[in-house]
K.L.:
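Quick one: the structure is below, questions incoming.
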Number of protein chains: 2
Amino acid sequence: MKTATLGSDLSLAILGLLTIRPASGYGLRKTFRATAMRAFSASPGAVYPALRRLREDGLIEGKVERPHALRPREVFAPTRQGRRALVGALAEPVTREDVVRRMDRLLLRFSFMTGLVGEAETLAFLTRLAEETEKYYRDLADEFRRSGPGLPFTGRAALEQGVESYRATARWARKTLGELRKRMPSKGAVR
Amino acid sequence: MKTATLGSDLSLAILGLLTIRPASGYGLRKTFRATAMRAFSASPGAVYPALRRLREDGLIEGKVERPHALRPREVFAPTRQGRRALVGALAEPVTREDVVRRMDRLLLRFSFMTGLVGEAETLAFLTRLAEETEKYYRDLADEFRRSGPGLPFTGRAALEQGVESYRATARWARKTLGELRKRMPSKGAVR
DNA sequence: TGCAGCATGTAACCTGTTACATGATTAG
DNA sequence: CTAATCATGTAACAGGTTACATGCTGCA
């Protein structure tokens, strides 16, 4: 059935948040404004159409809370199909393209994994993420060494920022991988 | 006159690249594929419409190189107005919103500054960027300390990645600021 | 009284994605 | 000869931005 509705980061973020806790459109907008998820749009012109698409595709359903009011408050929660679609989206492979152009989405997917996918799969995802990020970091660093000296100052510096940014993410991934392994009962030392 | 055409990162990147060196649409696409600018789209469906908009707004002009062929190669270069618009876009203020949601664009703007805006302005831009990035890094780190312990493992880890990423960028900005000050002969006055 | 927050939505616009389309030239 | 590369474009679709629109509730 494909459910291609989770194409946008915003839809994925909404479905993930609703899986943690049902909320209204306004509640989601508050979350997007008040937490680290502020990188997403909290504008009504983005959130409400996204909610409608998710509902039309059967991934979420809403309960109207004050049916008497002119603008009743509607609280949304994922359907079984929605939960399946979310898990499916989280499980997709990690590609180099993702690492180069959609790192935000990879981290968004990772952030929702606890409780929804097994620790083994989480580990596999993060391993791939670490590998691809390290690979791309090395590619960028090579490019910096090769063409950096010929670039104008600010151009070279901007490239260096890219190198440093991927390096930081690669380190974070390795560190987190270590923490994740420690909390896994089956692998490594028996706790 | 406002020239709002540089709304998209891709348009800005194209205008910047053409200012460094005139190129055809295909040439730009090659650059987007082969260099660190691969974070931008190299697809013809993005590049050619962007070139047309820039030309329609008088920011670039094209010289057809092989007028006999069915698909003649057209090399574009910025007009005087285009150069002005680019400088104007680079000079815009750095806001917290930019740092939170449009860091890519800030770095893109910075990367084109050498030769187009004075070193004093470049210094001012980078100073603001460093300040705002540090401020947001501290906000994120606070959020991590406050709400981190209550989050599920992968959610907390994703937030930590955000913290580390902004920290790396803040460090890069400070370091680059030092290098920039060193190459400025006259304005040795720090602080 | 007036303002901020609650709460939902629409419409025009812009731009990127994906897929399709055409045809020349060049290297193996 | 045939595959890759050069070279330019269009069309349908999706989704975000900005601005507009409505009206209630609680508080100072």
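Residue numbers start from 1 in every chain, and the chains themselves are labelled A, B, ... in the order their sequence lines are given, proteins ahead of strands.
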K.L.:
Show your reasoning for whether salt bridge (Lys or Arg N to Asp or Glu O under 4.0 Å) applies to B:R38 and A:E143.
P.N.:
CA-CA 12 Å; B:R38 68 180 63 75; A:E143 193 176 336; 3.4 Å; yes

K.L.:
Pick the nucleotide of DNA chain C nearest each of A:V75 and B:P44; which residue has the one closer to the 5' end?
P.N.:
A:V75

K.L.:
Starting from C1' on D:dA7, measure out to CG on B:L51 and report it in whole angstrom.
P.N.:
12 Å

K.L.:
Is there a donor-acceptor contact under 3.5 Å from the side chain of A:R109 to the main chain of A:L90?
P.N.:
yes

K.L.:
Judged by each residue's nearest nucleotide on DNA chain D, which is more toward the 5′ side, B:R101 or B:G45?
P.N.:
B:G45

K.L.:
To the nearest angstrom, how far is A:R29 atom CZ from D:dG16 atom P?
P.N.:
14 Å

K.L.:
May I ask you to evaluate whether A:Y26 reaches the phosphate of C:dC6, defined as a side-chain N or O under 4.0 Å from OP1 or OP2?
P.N.:
yes

K.L.:
Once you round it to whole Å, what is the distance between P of D:dG15 and CG of A:L15?
P.N.:
14 Å

K.L.:
Under a 4.0 Å threshold between the charged nitrogen and the carboxylate oxygen, would A:R167 count as salt-bridged to A:E164?
P.N.:
yes

K.L.:
Looking across every strand, which nucleic acid part, if any, lies under 4.0 Å from A:S41 by heavy atom: base, sugar-phosphate, or nothing?
P.N.:
sugar-phosphate

K.L.:
Using the rule that two of Ile, Leu, Val, Met, Phe, Trp, Tyr join whenever any of their side-chain heavy atoms come within less than 4.5 Å, decide whether A:Y48 and A:F76 are in one cluster.
P.N.:
yes

K.L.:
Which atoms form the tightest heavy-atom contact between A:P44 and A:R29, and what is the distance?
P.N.:
CD-NH2, 3.5 Å

K.L.:
Identify whether any heavy atom of A:S11 sits under 4.0 Å from a base atom; if not, whether one sits that close to sugar-phosphate; answer base, sugar-phosphate or nothing.
P.N.:
nothing

K.L.:
Both A:R53 and B:R102 contact DNA chain D. Taking the nearest nucleotide for each, which residue is further toward the 5' end?
P.N.:
A:R53

K.L.:
CZ of A:F76 versus C1' of C:dA7: gap in Å, rounded?
P.N.:
12 Å

K.L.:
When the distance from CZ of B:R73 to P of D:dA7 is rounded to whole Å, what number comes out?
P.N.:
5 Å

K.L.:
Whole angstroms only, please: what is the CG-P distance between B:D9 and D:dG16?
P.N.:
16 Å

K.L.:
Rounding to a whole Å, what distance do you find between A:Y48:OH and D:dC20:P?
P.N.:
19 Å

K.L.:
If the cut-off is 4.0 Å, is A:S24 near the phosphate of C:dC6, judged by side-chain N/O to OP1 or OP2?
P.N.:
no

K.L.:
Can you figure out which of D:dT10, D:dT17, C:dT15 approaches the side chain of B:P49 most closely?
P.N.:
D:dT10

K.L.:
Using OP1 and OP2 only, check whether a side-chain N or O of A:R52 sits under 4.0 Å from C:dT10.
P.N.:
yes

K.L.:
Once you round it to whole Å, what is the distance between P of C:dT8 and CZ of A:F32?
P.N.:
14 Å

